[in-house]
Structure formats: structure tokens, C-alpha cells
Protein chains: 2
Amino acid sequence: MSHTAFAPHDHSRCIADTIAAAETHCAAHKLRLTPVRRRVLEILLGAHRAMGAYDILAQIGSEGLGSQPPVIYRALDFLTGIGFVHRIEKLNAYVACTDPRPGHAPAFMICRACDAVAETPGAPGRGALDAAAAQAGFRIERAVIEAEGLCPDCDAATRADAPDLPM
Amino acid sequence: MSHTAFAPHDHSRCIADTIAAAETHCAAHKLRLTPVRRRVLEILLGAHRAMGAYDILAQIGSEGLGSQPPVIYRALDFLTGIGFVHRIEKLNAYVACTDPRPGHAPAFMICRACDAVAETPGAPGRGALDAAAAQAGFRIERAVIEAEGLCPDCDAATRADAPDLPM
DNA sequence: CCCGTTATGTTATATAGTAACCATATGAGG
DNA sequence: CCTCATATGGTTACTATATAACATAACGGG
């Protein structure tokens with residue numbers, strides 16, 4: 001469930017479910033979820049936040065898989081291509097998709113304090129963006145929508161420190 | 001103003017007007033539009049598309065201004081800080097603001113064929129994004145909204161080559 | 001089993017951004 | 001005018017992110 005990334009949940013279950021979904025997807029499309037690709041997805045699912053490509057690379061390298069940049073970028077290209085990983089442009093980082101439905105184009109909420117990343121359900125504001133583009137004669141192929149701010153926990157912690165902030 | 005970047009317009013005029021606005025803004029806020037800063041803004045206004053930091057740097061370097069990376073990043077930090085330049089996260093590049101009103105947070109339309117970048121008027125979809133964030137308890141501080149696709153001209157050119165594309 | 005395709009391994013390099021330090025210029029106050 | 005505090009610019013060195021190009025290995029259909 002995309003909007004629950006900020007809330008507690010059964011983590012090992014959400015990893016297993018998504019890996020299973022990726023297996024199914026690859027089988028159905030004659031694609032190969034190779035060891036490197038699978039492990040990268042597992043690592044991102046386990047982290048449950050955005051990770052830099054080189055952070056992931058260091059981890060798979062320490063496990064005996066490839067340790068050179070092209071290895072991780074190829075795996076990330078594959079996983080983003082099938083929609084199980086998203087790139088966060090604002091962070092030059094990557095995050096596992098929490099709701100891998102075909103063709104969805106979510107918006108992201110990025111906590112600047114704890115680096116948690118949550119997807120919004122649906123594609124909020126996409127209608128208004130499409131309308132603005134149509135007005136300009138622009139044909140949208142992809143949209144990047146990333147909100148940076150404070151997640152519920154970090155927002156509460158900030159307020160506890162400085163209780164006179166605006167709402 | 002902002003939504004006309006894809007349309008023909010008096011270019012030298014829009015450069016002069018924006019430079020003048022920057023002068024006024026800096027005078028009013030006791031900031032200094034130094035030669036480097038001014039020239040960077042002029043270059044971006046003249047290009048009328050997103051440019052990489054190092055592209056701008058090469059140009060100012062060839063004109064006798066600084067030629068090392070910190071020079072350009074400092075100028076870009078200043079100009080983005082006062083809102084006359086925007087960073088395009090998707091491209092790791094920078095573009096002059098075409099409608100420098102205080103505090104505006106526009107969306108961008110990026111042509112993947114010709115690299116033109118236009119701002120949308122207002123902040124389309126911001127309401128829906130705010131609503132989704134509120135639902136999740138997330139406090140938005142900044143939002144990145146960038147649409148990639150084809151500008152009117154390039155879209156028309158593509159269609160001329162392959163007239164059976166979907167609308 | 002062979003062969004074409006796909007994936008991985010490896011080297012080298014391109015591109016983007018920052019830290020740290022010193023020099024210079026500017027403007028406020030004496 | 002002088003001097004001091006601060007803002008800005010110059011320079012070196014470095015970190016972080018990403019890709020090009022080419023060789024090797026694995027898979028999967030004939």
C-alpha cells in the first residue's frame with residue numbers, strides 16, 4: 001500500500017510479497033530476474049528508503065556480486081524499466097516501488113530529516129499538470145513529482161524542539 | 001509570460017527586462033548582482049533552455065571570469081536563492097526563470113528533443129499534492145514538478161515523420 | 001549441441017558537485 | 001581617509017554520480 005510507508009507495517013512480508021510479484025512479472029514477460037537484479041531489489045525493499053547507486057553497489061559487492069558501477073546501473077535500469085524501482089531525481093537515488101501496478105506514475109514525499117520516501121497513492125495533481133501542458137501544446141511523456149519536507153514523525157520531533165512553528 | 005517559452009517572442013527584450021528586474025530586486029534587498037552573477041543570468045536568459053553548470057562555466061571562463069567549478073556553483077546558488085534561476089532536477093541543469101515573482105514554485109515542461117524548458121503558469125496540481133501530503137501527515141516544504149515530453153514544434157516534427165501516432 | 005541473444009565483468013573515463021583555504025573587494029563606522 | 005568585518009571570488013584538491021566500450025559468460029531456441 002503506497003501511502004503507508006511512513007506507518008509501521010510487516011516489513012519482511014512486504015519484501016517477500018514484492019519479490020514474488022517481480023518473479024511473476026518477469027515470468028509473464030519473459031524477462032529474467034537474475035541474482036544481481038533480485039538482490040538489488042531486495043536491498044532496496046529492505047532499506048525502505050532511497051539509496052544511492054554506490055551504496056547499493058557496495059553492499060552487493062561485499063556479497064560477492066559485481067562491484068563495478070555498470071553492474072549496479074544496469075540492474076537499476078532493469079528494475080526501473082519494469083516499474084519495481086523508482087529513481088528519485090531530487091536525491092540522485094533509488095527506491096523500491098511499494099505498489100508495483102503496471103504503468104503507475106506516482107508522486108513521492110521525501111523526508112529531509114530521515115530520508116524516508118513514500119509514494120502517494122494515485123497521481124495527485126496529474127490532471128492539472130496535463131491541463132497546463134495541453135494549454136501550452138506540450139505532450140507529456142513522463143512526469144517527475146517529488147515533494148520534499150518532513151514526514152509525520154520528524155515533523156512531530158521538530159515541533160517538540162521548537163513548539164512555536166506555524167502549522 | 002511564463003507559458004510563452006515555446007512561442008516566439010522578443011528575446012533581447014526579455015533578457016533586458018529580467019536583468020533589470022534582478023537589479024531592482026538586489027538593490028531592494030541589499031544584495032549584490034556582481035559581474036559573475038549577472039553574466040551567468042544573462043547566459044541562461046540568452047540560452048532560453050536548461051544548461052549544465054559546466055557549460056555555463058566554460059562560457060564565463062572563456063570571457064575571463066572564473067573557470068573553476070565553485071565559481072559557477074556559487075553564482076547558481078545565489079541566483080536560485082533569489083528565484084531568478086531554477087534547477088531542473090531531471091537534467092541536473094539550470095534555467096533562467098521567465099516569471100520571477102517572489103516565492104513562486106512553478107512546474108516545468110522539458111522537451112526531450114530540443115531541450116527547451118518552459119514554466120507552467122501558477123503551480124498546477126499543487127493543490128492535489130498538498131491534499132495527498134496532508135492525508136499522509138507529511139509537511140511539504142518544496143515540490144519538484146517536471147514534465148518531460150515534446151514541445152509543440154518537436155511534437156509536430158515527430159508526427160510529420162510518423163503520422164500514425166496516437167493523439 | 002550450436003548459435004544468437006542477453007547478461008555480466010572490467011577498464012577507463014565523463015559529468016556533476018563540494019570542502020577547505022586564501023585573496024580580494026566592498027561598505028560601515030570611526 | 002583608514003580600518004575592520006563581511007561578502008565575494010580564486011584555486012586546489014577531492015567526492016559523488018554515471019556511462020562508453022569492449023571482453024566474457026550464461027541462457028534458451030533451433
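Throughout, protein chains are lettered first and strands after them, A, B, ... in sequence-line order, and every chain is numbered starting at 1. FYI, side chains are in, hydrogens and waters are out, and symmetry mates aren't considered; it's all heavy atoms of this structure.
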> With respect to the side chain of A:Asn92, which nucleotide from D:dT11, C:dG17, D:dA18 is positioned closest?
D:dA18
> Give a yes/no on whether any side-chain N or O of B:Tyr94 is located under 4.0 angstrom from OP1 or OP2 of C:dG17.
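Checking C:dG17 against B:Tyr94, a side-chain N or O does come within under 4.0 Å of OP1 or OP2.
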> Select one nucleotide: of C:dA16, C:dT8, D:dA18, the one nearest the side-chain heavy atoms of A:Val36.
C:dT8
> So, is A:Thr34 close to the C:dT8 phosphate, meaning a side-chain N or O under 4.0 Å from OP1 or OP2?
yes
> Starting at CD of B:Gln68 and ending at P of C:dA23, how long is that distance when rounded to a whole Å?
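Between P of C:dA23 and CD of B:Gln68: 17 Å.
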> Can we say A:Glu146 and B:Arg142 salt-bridge, meaning some charged N sits less than 4.0 Å from an Asp/Glu carboxylate O?
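No, A:Glu146 and B:Arg142 are not salt-bridged.
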> Could you give the CZ-to-C1' distance, from B:Arg38 to D:dT8, as a whole number of Å?
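That distance rounds to 17 Å.
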> Between C1' on C:dA7 and CG on A:Leu79, what's the gap in Å once rounded to a whole number?
13 Å
> Can you check the B:Leu65 CG to C:dA25 P distance for me, whole Å?
14 Å
> Answer yes if the ring centres of A:His86 and A:Phe108 are under 6.0 angstrom apart, and no otherwise.
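Under 6.0 Å, so yes.
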> Assess whether a salt bridge exists between B:Glu89 and B:Arg87, defined as any Lys/Arg side-chain N lying under 4.0 Å from an Asp/Glu carboxylate O.
yes
> Whole angstroms only, please: what is the CG-P distance between A:Leu76 and D:dT19?
10 Å
> Taking only N and O in the side chain of B:Tyr73, is any of them less than 4.0 Å away from OP1 or OP2 of C:dG17?
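Yes.
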> Within the stacking criterion (centroid distance below 5.5 Å, interplanar angle below 30°), does B:Tyr54 stack on C:dT15?
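It does not: the two rings, one from B:Tyr54 and one from C:dT15, miss the stacking criterion.
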> Map B:Ala75 and A:Lys30 onto DNA chain D by nearest heavy atom, then report which one ends up closer to the 5' terminus.
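Checking each residue's closest nucleotide, the 5'-ward one belongs to B:Ala75.
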> Remember a base hit wins even if backbone is also touched, and classify B:Arg37 as base, sugar-phosphate or nothing at under 4.0 Å, heavy atoms.
sugar-phosphate
> Could B:Asp115 and B:Arg49 be called an ion pair, given the rule that one side-chain N must be under 4.0 Å from one carboxylate O?
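Salt bridge between B:Asp115 and B:Arg49, a charged N being under 4.0 Å from a carboxylate O: no.
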> Please report, rounded to the nearest Å, how far the C1' atom of C:dT15 is from the CZ atom of B:Arg87.
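Interatomic distance, CZ of B:Arg87 to C1' of C:dT15: 12 Å.
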> Taking the side chain of A:Arg74 as heavy atoms from C-beta outward, which of D:dT17, D:dA21, C:dA16 is closest to it?
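Of the options given, the side chain of A:Arg74 lies nearest D:dA21.
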> Do you reckon B:Val144 sits in the same ILVMFWY cluster as B:Val95, going by side-chain contacts under 4.5 Å, direct or chained?
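No, separate clusters.
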> Using whole Å, report how far NZ of A:Lys90 lies from P of D:dT17.
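Whole-Å distance recorded here is 15 Å.
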> Whole angstroms only, please: what is the CD-P distance between A:Glu89 and D:dA16?
20 Å
> Mapping B:Pro70 and B:Arg32 to their closest nucleotides on DNA chain D, which lands nearer the 5' end?
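Here B:Arg32 is the residue nearer the 5' end.
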